[in-house]
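Taking it in order: structure first as structure tokens, then the write-up.
Numbers restart at 1 for each chain; the letters A, B, ... are given by sequence-line order, proteins then strands.
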Number of protein chains: 2
Amino acid sequence: MAMRVKEVADLVGISVRTLHYYDEIGLLTPEKTTESGYRLYTDDDLEELQQILFFKELGFPLKKIKEIINNPSFDRHKALVLQRKMLLEKRRRLDKMIATIDKTIQHMKGEIQMTNKEKFEGFDFRHNPYEQEARELWGDEAVDKANAKIGSMSKAEQEAMVRAMNSIYKKLAALRHGSPESEEAQAAIKEWYDFLNHNFGNYSLEAFKGLGQMYVDDERFTKNIDQFGEGLAKFMRDAMAVFADQNKK
Amino acid sequence: MAMRVKEVADLVGISVRTLHYYDEIGLLTPEKTTESGYRLYTDDDLEELQQILFFKELGFPLKKIKEIINNPSFDRHKALVLQRKMLLEKRRRLDKMIATIDKTIQHMKGEIQMTNKEKFEGFDFRHNPYEQEARELWGDEAVDKANAKIGSMSKAEQEAMVRAMNSIYKKLAALRHGSPESEEAQAAIKEWYDFLNHNFGNYSLEAFKGLGQMYVDDERFTKNIDQFGEGLAKFMRDAMAVFADQNKK
DNA sequence: GTTGACTCTCATGCCACGTGATACTTTATA
DNA sequence: TATAAAGTATCACGTGGCATGAGAGTCAAC
């Protein structure tokens, strides 16, 4: 049942190299490989690839796509519905371009006049009406909110905040060679969870878990965090996942 | 009346950097500049930019776009008509993708079955039905044909051919400091025209003229030809243009 | 048991810009 | 009329998404 690279490539209409690349960057890693190292794609992998290609068609960068679909709170159904809307929008743009070409042909024959603005209708990509909706569903709203809040604080407030964060970071760094499930680790992580909720508004447990994953995936976070101890980011991700799972049900 | 970079960028929906870049690679050089070096785009420049963007929307690489629109036999009207067809084709692809998304949503709900092939309908780009038409209007058909033919010849045949070509090249090289319109030059060019037609199938006069332009534009040709004498490529281009124009009407 | 199609992992290249940095020019405002 | 703000110029380097080999191993078919 499982398919090999070229078979997938031919079915989908992309290159083998592209599949290799997606594997390399961790965007689409086939579920299995043979002993000799051949990649084997299952039907599930194909569905994920389909998701990826929808995003790609809409102009999302691969890095972003990875973030979105790896997010534990990713909702495939919502995604498809919004993507549908965005594809329809894209089609409207295309219709405009076709209208523009028609006008241009008439204009060439001298049949009509055209303003400069009219000559470029359909090209402008900058304002997609579903951008906001997309940001809400997939954006880094949480991160942006935090950044905005930090930006709006006075210097003194910022320093106080940094001190508070550092103290929690240090506590965690001291524990990072132990188990993420230990009582101390979980207590420190709870402190972290409460701190974030207090300062940056409500994080769901799922979002909290997703944030932990981001600490590892996004090097801006990793760098910052690992200053307090190598491997701290990974440790926090694990501890945050444990915390979320334990407090969920 | 003339516009500056940002004004154009805002009108069209592209970046200033993009305009700089297009200038840098010689794709779109503004007609005028101010004393202080500011680029000034006229309405003609805007129309060329529109052409460029149509090609770009259809996925043509910038280098190819440059070749096409700089070709002296470029026919703007024909181009627009074909581009219109290709845009419609692109819209059909989008419609397929939207249908695919609809099916996928139903499939998720368990309402219908989907084959793997169906999951990717609309993605495959490889065969655009207007590709052939586009190649005929804009492609390097002639070059490809020649290459294919040369590749299929025996070594002896290849050598005979090279000898024949060299003799014509030398004849032309000897004449290259005179006028491209001179009787000798035109006679030699006719020999060249006949030689090409005999060996590589029918060149129209327009195609012949276009080929000459390519000798100058495409450095692979220029290098090869100029081995027989510096400036020979340019001389041949001019002589070929004269030949085409004189024998046309 | 050898061809030929397919696969793997590097390594390097390429295109179409993005992103500063630094310096100069033009327009708006005090 | 001076000064600030906005725009423009030219380097120079960086980046994303692969393409294009090179070299070596794998696998089914005749």
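- For B:S36, a side-chain nitrogen or oxygen approaches OP1 or OP2 of C:dT26 to under 4.0 Å.
- No donor-acceptor pair closer than 3.5 Å links the side chain of B:E31 to the backbone N or O of B:T42.
- In this structure, the CG atom of B:D23 is 12 Å from the P atom of D:dC11, given to the nearest Å.
- Atom CG in B:L19 sits about 12 Å away from atom C1' in D:dT8, given to the nearest Å.
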In 5'-to-3' order, the base (B), backbone-only (S) or no-contact (-) status of each nucleotide in nucleotides 16-22 of chain D, using a 4.0 angstrom heavy-atom cut-off, is -BBBB--
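- Rounding to whole angstrom units, CZ of residue A:F125 and C1' of C:dA16 are separated by 15 Å.
- In this structure, the side chain of B:R39 does not engage the main chain of B:T33 through any donor-acceptor pair within 3.5 Å.
- The distance from atom CD of B:E35 to atom C1' of D:dT8 is 16 Å, rounded to the nearest whole Å.
- Few gaps surround CD on B:Q106; more than 12 heavy atoms of other groups in view lie less than 6.0 Å from it.
- The CZ atom of B:R4 sits 6 Å away from the P atom of D:dT8 (whole-angstrom rounding).
- Counting to the nearest Å, the C1' atom of C:dT27 and the CD atom of B:E7 are 13 Å from each other.
- Between A:H20 and C:dC8 there is a side-chain N or O to OP1 or OP2 distance below 4.0 Å.
- In this structure, the OH atom of A:Y38 is 11 Å from the C1' atom of D:dA28, given to the nearest Å.
- Looking only at distances, no side-chain donor or acceptor of B:N128 sits under 3.5 Å from a matching main-chain atom of B:M86.
- Taking atom CD of A:E24 as the reference point, atom P of C:dC8 lies 13 Å away to the nearest angstrom.
- Between the side chain of A:R4 and the main chain of A:L40, no donor-acceptor pair closer than 3.5 Å is present.
- Around CD of B:E24, the count of heavy atoms belonging to other residues, nucleotides or ligands within 6.0 Å exceeds 12.
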